[in-house]
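Chain identifiers are assigned alphabetically (A, B, ...) following the order of the sequence lines, protein sequences preceding nucleic acid strands; residue numbering begins at 1 within each chain. From a predicted model like this one, the values you see are computed outputs, not experimental measurements.
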2 protein chains.
Amino acid sequence: MTSVRFLYRPCILRLSSCTTRSLHYNHLSFSTSNPSIPPLGRSTRNRLGIFLNIRSSMSKSAANQVQQVDRILDGVNDDHGGVIVEMTSGPLDPLVFASLLKASLYHWRQLGKKGIWIKVSIELVNLVEHAVKEGFYFHHAEPRYLMLVQWLPSTANTLPVNATHRVGIGAFVLNEKNEVLVVQEKSGATRGTGLWKFPTGVVDEGEDICDAAVREVKEETGVDSKFVEILAFRQSHKAFFEKSDLFFVCMLQPLSSDILPQETEIEAAQWMPYEEYAAQPLVQKHELLRYILDICTAKKDKDYSGFSPVPTRTGFSETSSTSYLYLNKQGL
Amino acid sequence: MTSVRFLYRPCILRLSSCTTRSLHYNHLSFSTSNPSIPPLGRSTRNRLGIFLNIRSSMSKSAANQVQQVDRILDGVNDDHGGVIVEMTSGPLDPLVFASLLKASLYHWRQLGKKGIWIKVSIELVNLVEHAVKEGFYFHHAEPRYLMLVQWLPSTANTLPVNATHRVGIGAFVLNEKNEVLVVQEKSGATRGTGLWKFPTGVVDEGEDICDAAVREVKEETGVDSKFVEILAFRQSHKAFFEKSDLFFVCMLQPLSSDILPQETEIEAAQWMPYEEYAAQPLVQKHELLRYILDICTAKKDKDYSGFSPVPTRTGFSETSSTSYLYLNKQGL
């Protein structure tokens with residue numbers, strides 16, 4: 001593997017205000033996506049996680065006299081001509097970071113890099129201001145880190161958009177006695193209304209919809225179940241701040257009957273005769289609940305067919321992992 | 001409307017290091033979700049967008065002598081016992097902000113507030129470090145702002161999770177001659193493979209899936225179309241960073257036939273006989289494309305039924321807006 005880390009600019013960055021002990025980055029293994037770029041100098045990664053870019057002089061005599069050294073931030077190439085830098089432990093003097101970033105940007109521009117990503121852990125929040133000063137902007141954030149990004153070329157920015165949706169599930173669990181599993185919640189819009197509703201919940205990050213439905217039913221009621229299919233889904237906007245919501249109504253088959261309501265969220269849970277659930281005034285009054293009732297009744301009594309999950313490979317890449325395609329099996 | 005902005009703590013915060021001219025916040029109208037809390041002092045909002053909380057003494061003589069003044073950040077109550085503060089223009093001296101934030105947190109704790117949200121525009125990025133020092137952490141970010149949050153009570157944190165999914169569409173557009181609308185892309189995984197594929201794209205923030213499909217077909221090929229239904233969808237994880245992807249395969253009916261490929265993204269576009277599309281080696285080789293082909297063929301030749309959109313109201317609230325419920329109409 002050829003290292004392509006070098007700098008044309010003959011400058012030496014000072015690291016006087018930070019100690020060796022304090023510099024540790026969580027960096028991934030380096031790989032170049034453009035092996036055709038020849039190395040113009042020697043590069044060496046030091047134990048600080050910063051690259052020392054040593055530019056040898058082109059003349060022998062000069063090479064004997066001095067080596068011009070630049071330090072740049074340690075990043076990994078991504079698959080789209082970009083670089084990802086992780087600043088995930090520290091501390092690091094902000095001014096040192098600013099200098100390193102300047103040198104690194106110069107370096108990346110020389111290499112024709114496109115999107116530059118800097119992931120800053122919350123412990124290093126004092127670096128964020130300096131990244132913004134160097135032209136970075138926010139891409140996304142999670143509780144413990146902020147992802148900054150900058151598009152270097154003059155061509156159109158093709159960086160991926162941030163996540164726009166949260167995903168939720170509602171579980172229609174019907175047993176052989178024609179009873180449906182329902183709960184009353186301790187908080188939320190239905191609290192205190194007396195409404196018996198399907199168990200609902202939010203799909204965790206990286207969780208499949210079918211797994212989330214089984215998990216939520218188990219968590220809220222203690223009932224084991226098997227995923228059958230998705231009966232319908234709803235997309236709604238501005239569900240929280242500017243973000244949207246995709247809510248999937250799922251059909252599940254119970255595998256156990258004993259109920260143990262979750263203490264923190266659930267006021268009560270029970271198996272309720274389906275007709276009794278359907279007859280609740282709030283179900284009849286509320287348009288969305290009425291629609292869902294119609295669908296569940298069609299599933300129960302007629303030939304309604306939803307989407308069931310089929311495992312398949314994720315994307316076009318050969319290295320992609322298994323994920324679910326949801327489709328109408330009955331129609332195939 | 002009763003203002004509930006007051007402070008018990010007799011302190012005066014200094015605003016010496018920032019000018020009047022420089023202080024402008026973009027704040028929403030104030031509403032209290034708990035009208036039962038009585039006002040204990042006078043409050044007045046100054047033109048800086050900061051509340052001056054004037055605590056009158058309980059004795060007449062004291063009231064004549066001095067009024068103890070606290071300034072707090074201007075926020076609006078949310079529907080969940082929390083407060084939302086928007087720091088969206090500036091500049092503001094970071095130390096002044098830190099003092100205001102301390103006083104505000106004290107104030108909000110006294111009121112029993114739960115989740116405190118601070119939206120910081122990128123122009124005020126120098127305030128972020130101080131919010132983190134006061135116990136805030138990141139919730140989400142968009143290019144021009146960062147949302148910080150803190151849960152004040154000792155009870156379990158019930159703040160909503162961040163968005164987890166991006167949503168994409170693929171458009172199966174079939175005309176009366178049994179031809180399918182296909183494109184070759186200038187970039188991405190299929191570039192240079194010779195594969196003719198369905199137009200695809202990412203759903204914009206706040207956009208309905210059915211609208212996004214029509215828009216993408218128009219943008220990529222110039223063809224007008226009408227949304228018919230969702231044939232299937234796939235959920236995949238770690239599609240970008242830690243986020244997931246929901247990709248909806250949509251059936252559309254063309255309303256025009258002339259093709260005008262988008263210059264920046266599309267290498268070529270054409271109407272292709274369906275059998276020719278299906279016979280492409282890459283379609284046959286790639287598991288997901290083969291599945292989608294099976295579904296589209298079932299839609300074309302058999303009785304496959306996907307999910308079509310039905311307008312309904314979003315949520316449980318009476319004030320909610322219209323959104324789409326996607327369901328199998330044929331099965332109802």
Original post:
NZ of B:K186: more than 12 outside heavy atoms within 6.0 angstrom?
Top reply: yes

Original post:
Hey, are the side chains of A:L231 and B:N328 touching, using non-hydrogen atoms and a 4.5 Å cut-off?
Top reply: no

Subject >> Contact class of A:K302 relative to chain B, heavy atoms under 4.5 angstrom >> reply: side chain

**OP:** For the residue pair B:F233 and A:F307, categorise the inter-ring angle as parallel (less than 30°), tilted (30 to 60°) or perpendicular (more than 60°).
**Re:** tilted

Subject >> Winner by heavy-atom pair count (cut-off under 4.5 Å) against chain B, out of A:E129, A:H165, A:R166 >> reply: A:H165

**OP:** Would you mind checking which part of A:E207 comes under 4.5 Å of any heavy atom in chain B, side chain (CB onward), backbone (N, CA, C, O), both or neither?
**Re:** backbone

Original post:
Going from CG on A:N126 to CG on B:N126, what distance comes out if it is rounded to the nearest 0.5 angstrom?
Top reply: 12.5 Å

**OP:** Name the option with the most non-hydrogen atom pairs under 4.5 Å to chain B; the candidates are A:A298, A:P160, A:A156, A:S305.
**Re:** A:S305

**OP:** Please tell me if the side chains of B:V132 and A:I122 come closer than 4.5 Å, counting only heavy atoms from C-beta onward.
**Re:** yes

Original post:
Under a 4.5 Å heavy-atom cutoff, which of A:L127, A:I209, A:V202 has the most pairs with chain B?
Top reply: A:I209

Subject >> Reported NE2-to-CZ distance for the pair B:H140 and A:F138, which is rounded to 0.5 angstrom >> reply: 11.5 Å

Original post:
Have B:H237 and A:D208 got a donor and an acceptor in their side chains that come within less than 3.5 Å?
Top reply: yes

Original post:
For residues 287-298 of chain B, which residue pairs qualify under salt bridge (Lys or Arg N to Asp or Glu O under 4.0 Å), counting only residues two or more places apart or in two chains?
Top reply: none

Original post:
Hey, does B:S323 have a side-chain heavy atom less than 4.5 Å from the side chain of A:R234?
Top reply: yes

Original post:
Side chain, backbone, both or neither: which part of A:P311 has a heavy atom under 4.5 Å from chain B?
Top reply: backbone

Subject >> For chain A, the option from B:K238, B:Q330, B:E242 that forms the most heavy-atom pairs under 4.5 Å >> reply: B:E242

**OP:** Can you see which heavy atom on A:T312 is nearest to which on B:Y291, and at what distance?
**Re:** OG1-CD1, 4.1 Å

**OP:** Side chain from CB out, backbone as N, CA, C, O: work out which of these in A:L332 comes under 4.5 Å of a heavy atom of chain B, or both, or neither.
**Re:** both

Subject >> Pair B:T164-A:V203, side chain to side chain contact (heavy atoms under 4.5 Å, CB included): steps then yes or no >> reply: CA-CA 9 Å; B:T164 50; A:V203 173; 6.0 Å; no

Original post:
Which heavy-atom pair separates A:N162 from B:A141 by the least distance, and what is that distance?
Top reply: ND2-O, 2.8 Å

Subject >> Under 4.5 Å from a heavy atom of chain B, the part of A:F136 involved >> reply: backbone

**OP:** Evaluate the side-chain proximity of A:Y137 to B:P143: yes if any heavy-atom separation is below 4.5 Å, no if none is.
**Re:** yes

**OP:** Report the distance from atom CD1 of B:I230 to atom OH of A:Y326, rounding to the nearest 0.5 Å.
**Re:** 14.5 Å

Subject >> Interface moiety of A:S244 toward chain B, non-hydrogen atoms closer than 4.5 Å >> reply: side chain

Original post:
Heavy-atom distance under 4.5 Å between the side chains of B:E142 and A:K243, does that happen here?
Top reply: yes

Subject >> Pairwise distance CZ(B:F248) to CD(A:Q235) - rounded to 0.5 angstrom >> reply: 7.5 Å

Original post:
Is the shortest heavy-atom distance from the side chain of A:V128 to the side chain of B:V128 under 4.5 Å?
Top reply: no

Subject >> Beyond-backbone contact of B:E205 with A:V161, side-chain heavy atoms, under 4.5 angstrom >> reply: no

Subject >> Contacts of B:K329 that satisfy side-chain contact (heavy atoms from CB on, under 4.5 Å) - sequence neighbours left out >> reply: B:S308, B:V310, B:L327

Original post:
Counting heavy-atom pairs under 4.5 Å to chain B, which of A:I295, A:D303, A:T297 comes out on top?
Top reply: A:I295

